[in-house]
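The residues of the chain are indexed from 1 along the displayed sequence. Only heavy atoms go into these numbers, but all of them, side chains included; no hydrogens, no water, no symmetry mates.
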Amino acid sequence: MAVLALRLGFVAPPYPRTSSGRFAFSPSSCRAAANDVGVGGPARPITVDGDPPTVVSAPGRRIVAIGDVHGDLSQTRAALVLAGVLSADSEGHLWTGGRTVLVQVGDILDRGEDEIAILSLLSSLNMQAKSQGGAVFQINGNHETMNVEGDFRYCDPGGFDECVRFLDYLDECDGNWDNAFRNWINVCERRKKEYGALPNGDWHPWDFVKKQKGFAARSSLLKRGGPLACELARHPVVLKINDWIFCHGGLLPHHVEYGIERMNREVSIWMKCSGEDGDDETDIPFIATRGYDSVVWSRLYSQDPAERTRRALMLSSIVAEQTLEAVGAKGMVVGHTPQMHGVNCKCDGKVWCVDVGMSSGILSSRPEVLEIVNDRPKVLKKRRELYDEMEVLDYL
């Protein structure tokens, strides 16, 4: 598959060039043109079917997909700015995407210290996007389901601290969850500085009392039926937008046969129920959340081709084709497996892998974003050069 690298300026021509002859432009200069897809008359409204969302019709919308962010607020912001949906002013948190549809494919939790802040940011952007004809969707990944199970093995010490700070803030908001959660992104940095200035404000390896407090705070928020678990329950494990499937690990034929809406509903119910009763309906949905071939754990499509045999590669391509045909989709977007060489397509162009390991808890790699316009996918990335360029990789 041929790959053409284009350096385009989304400003009035003639476009400015760097000394190397490439077209150069700042991310802010491209937002208006990139987000004006479908402009030229009233856009048809976005419709959402399922609770949590399962099938979305977004006529004429630009779609951008962002991979695993793992608690890294700075990198998340950078990816959102790169996608043209967030103001570059870190204090503003303003949606600049217009009618764009943003999808984050899971694994916001663990390995970083600003998990609730990222969830709060996405919630705020979704409210703003809806007022402009856009939308923000989140997918639950394996680290979301692990935390609801009480598996905190991969939680960063700062993540426990954030839970403590957030609960203190929730008390100050008189227990009003909506106010506290939506405004957390606006106060989290200040609260972190204040907390660090307090006696014993920083973690110490042998501070068992503080660790116990952090564990208790996280458990109260993320246990089944807890307020943060209920926030996660609003989001699906599989989402179809127009002709594209979005999930964390990978959708397989037996998932489709089981039922996408059924899986989404069962995971949501499992997260929202306290688990105190023995109703089988609230048991953990194994097909979606457990095992190497579950929706949130599968790496069939995203594994490095160098680690697989030719037969395995052919099989994964066939399975992807069968799955997409079964759901009436043209392509699939997944996260879960860090891609050493950035966002790329596999399975003969049927599956796009968008986890680039951008979090400081993974690879600290440069953020990259997948943009889909008129079913045509492009990779956006910021270049490391003197000029503030963006590189657009156009897969033909």
Side chain of [X], backbone of [Y]: donor and acceptor closer than 3.5 Å?
| X | Y | answer |
| --- | --- | --- |
| Q128 | H93 | yes |
| Q75 | V69 | no |
| E144 | G141 | yes |
| Y301 | M332 | no |
| S268 | A233 | yes |
| T289 | T145 | no |

**Message:** Show me the pairs that pass side-chain hydrogen bond (donor to acceptor under 3.5 Å, both in side chains) and involve residues 329-341, at least two apart or across chains.
**Reply:** N142-H336, H248-H336, R299-H336, R299-T337, S302-T337, K330-D375, Q339-N344, Q339-K346
**Request:** If a pair satisfies side-chain hydrogen bond (donor to acceptor under 3.5 Å, both in side chains) and one of its residues is in residues 46-58, list it, with sequence neighbours excluded.
**Result:**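 Residue pairs with at least one partner in residues 46-58: T54-N264.
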**Request:** Please report the shortest heavy-atom distance between H143 and H70, naming the atom on each side.
**Result:** CD2-CE1, 3.5 Å
**Asked** Where is the tightest heavy-atom contact between D243 and K240, given as atom of each residue plus distance?
**Response**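 So the two residues come closest at CA-CE, 4.4 Å.
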**Request:** Compute the ring centroids of Y169 and W177, then answer whether they are less than 6.0 Å apart.
**Result:** no
**Item:** Qualifying residues under side-chain contact (heavy atoms from CB on, under 4.5 Å), relative to P338, sequence neighbours excluded
**Value:**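 If we apply the side-chain contact (heavy atoms from CB on, under 4.5 Å) test to P338, skipping adjacent residues, the hits are M340, D355, I362, L363.
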**Request:** Supply the atom-to-atom distance S359 OG to I118 CD1, rounded to the nearest 0.5 angstrom.
**Result:** 7.5 Å
**Item:** Side chain proximity check, E162 to E115, heavy atoms < 4.5 angstrom
**Value:** yes
